[in-house]
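Below is one structure, written out as structure tokens; the observations come after it.
Note that ligands are numbered from 1 as they come in the structure, with each ligand's atoms numbered from 1 the same way. No experiment lies behind these values; they were computed from the predicted model shown. Every heavy atom of this structure was used, including side-chain atoms; hydrogens, water molecules and symmetry mates were not. Positions are given from 1 along the sequence.
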Amino acid sequence: MELDPCCLCRSFVKVEGAVHEDGKGLSNWDVYCRIQGDKPEFLVFSVAQCFLDLILCSCLFIAVEFDFWRVLRFSGNIVDGTNGDIANDHYHRYMEDIEIMQSLGLTAYRFSISWSRVLPRGRHGGVNQAGINFYNSIIDNLLLRGIQPFVTIFHNEYPQELEDRFGGWLSPVMQEEFVHFSETCFKHFADRVQYWMTMNEPNLLAEAAYEKGRSPPARCSPPFGHCASGNSDVEPLVAVHNMLLAHARAAKLYHEQYKSKVNGVIGITVCAYMYIPLREIEDDTEAANRALAFNAAWMLDPLVFGDYPLEMKRYHGSELPSFSLEERELVRDSIDFIGINHYGTLYAKDCIHSSCICNDSTCTLGTDRPISGFVYTTGERNGVTIGEPTGMSEFFVVPKGMEGIVKYIKERYHNKPMFVTENGYSSPGNEDDIYGHDVKRIHYHQSYLASLAQAVRNGADVRGYFIWSFMDNFEWSNGYRLKFGIYRIDRQTLNRIPKLSATWYRDFLSNSSLAGVYLSSTVPDENKDVSMVHSE
Ligand code: FCB
């Protein structure tokens with residue numbers, strides 16, 4: 001089997017727009033974006049929604065009450081005051097987008113399904129047929145052009161009603177909701193979709209939403225942040241526990257009832273930083289190993305071996321939830337492949353034997369707490385950054401890190417098949433992006449691909465590589481300020497404009513220098529197709 005550097009990805013909140021159209025329900029991100037400092041826009045929005053949907057009314061008022069306090073507390077959730085209401089209007093322009101993908105020569109496209117578009121009220125209401133039709137049309141049109149859909153079921157967004165009713169991922173009830181959502185997707189799409197990911201980066205979601213309070217439901221406690229409520233030492237662990245069990249239940253259902261339809265595979269995507277020791281001492285080598293265990297292995301150990309990493313169990317007390325014997329069986333071996341989202345590498349410093357004071361913009365807070373693994377991570381050593389800075393304060397350009405993280409995952413998980421499901425670059429000042437002369441992005445991908453190719457030559461079973469992202473889009477709390485796309489969007493006309501990197505990628509795909517990198521195959525023969533298409 002060959003590595004296929006074929007692919008682009010995007011998540012729905014970030015490109016679809018049409019948030020009030022065709023029966024889509026109110027999502028956690030729709031609400032979160034509405035909270036604009038002392039302008040309680042959300043109240044207006046909620047009342048308008050109530051007129052539109054009387055059934056939802058009562059729960060929206062609960063949300064109004066809840067959010068009133070958040071309105072008082074926050075000084076703006078999205079840095080540029082924007083939202084995903086229109087985003088890239090992919091909902092109406094998806095045909096044009098698919099044609100662009102075809103013109104680039106893609107063999108796969110990774111996208112997520114909007115939970116609130118398909119099930120506006122979760123299990124408390126019906127399926128929104130317009131949402132199903134939309135994704136059916138995307139899937140059919142991709143396949144018609146020889147592009148494999150890689151579907152992520154959950155990418156950060158869910159119906160707000162699930163938050164208001166029982167607290168979202170902090171409650172085990174969310175597991176049932178997720179299984180219901182997954183089953184709805186399998187029922188409608190598994191006859192054509194071969195590649196499934198249950199979730200995108202549960203580890204990063206837990207950190208952003210429940211440790212740092214920087215994405216909905218924005219919960220945290222000091223020293224990590226100052227939210228109205230939350231417990232940064234405990235809640236990330238609870239949320240991840242529920243997500244892992246939800247994943248496992250959905251994957252079991254898929255394996256038992258849907259896999260055979262097109263002999264598909266199901267995996268998960270994790271946020272996977274690489275960490276290297278800050279100082280050349282044993283303590284920091286251990287700290288780097290701990291950081292890796294508290295990041296990617298937090299998700300992957302349970303899903304491959306059936307339990308949390310020993311490194312985590314050693315430092316956590318009863319706040320780390322435990323799996324019953326039955327749950328261990330359920331989560332163990334519940335992924336067919338590992339999806340790796342890799343952007344950058346950080347230094348790790350031990351905080352058990354050394355004092356750790358956070359004094360630069362990239363370092364971690366709360367290093368005296370188990371939730372941080374007693375590790376201080378930073379992008380700087382003696383005032384020098386680990387690699388070239390990018391638009392994201394924690395992402396530095398360190399191509400070697402790609403080889404490092406793939407090697408780590410290969411060795412820890414006995415070379416389970418992997419896909420690099422995200423890798424991408426945003427420039428610090430956006431100048432390159434505005435003029436479409438994004439040479440640095442091209443260099444980024446070239447050097448990261450070269451590093452990945454090295455890992456593959458050393459035997460890593462990597463099946464594909466996805467660039468983040470197809471188009472500049474709504475980058476969560478960073479709004480439209482951060483740009484990762486190989487296409488730029490004119491925000492007035494919403495026209496898609498290729499950057500230099502789009503031309504480079506098209507040429508690269510038609511003349512792939514990674515062709516001929518053969519890997520051992522453990523995925524069924526039918527699933528080889530996607531990886532073969534571009535590699536001859
Ligand atoms: C990843 C997210 C993706 C995008 C990139 C920049 O963590 O999965 O949606 O925001 O970061």
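Under a 4.0 Å criterion applied to the non-hydrogen atoms of N200, ligand 1 contributes the atoms 8 (O). With ligand atoms numbered from 1 in the order given, ligand 1 contributes 1 (C), 2 (C), 7 (O), 8 (O) to contacts under 4.0 Å with heavy atoms of E201. Close approach of ligand 1 to E475 (heavy-atom distance below 4.0 Å) involves ligand atoms 4 (C), 6 (C), 10 (O). Under a 4.0 Å criterion applied to the non-hydrogen atoms of L204, ligand 1 contributes the atoms 7 (O). Less than 4.0 angstrom separates some heavy atom of K14 from each of these atoms of ligand 1: 4 (C), 9 (O), 10 (O). The distance from ligand 1 to the heavy atoms of F484 drops below 4.0 Å at these ligand atoms: 6 (C).
In this structure, a donor-acceptor pair under 3.5 Å is present between the side chains of N136 and R192. A donor-acceptor pair shorter than 3.5 Å can be found between the side chains of S501 and D438.
Each of L292, V462, L300 was scored for a side-chain contact (heavy atoms from CB on, under 4.5 Å) with I409, with one residue passing: L300.
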Q | CA sep, side-chain torsions, deciding dist, call: E388, K440, salt bridge (charged side-chain N to carboxylate O under 4.0 Å, His left out) | A | CA-CA 10 Å; E388 200 180 319; K440 284 191 175 170; 3.1 Å; yes
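Expressed to the nearest 0.5 Å, how far CD1 of I268 lies from CD1 of I153 amounts to 10.0 Å.
When only interatomic distances are considered, the shortest N/O to N/O separation between W468 and ligand 1 does not fall below 3.5 Å.
For Y465 and F419, the ring centers are positioned 6.0 Å apart or more.
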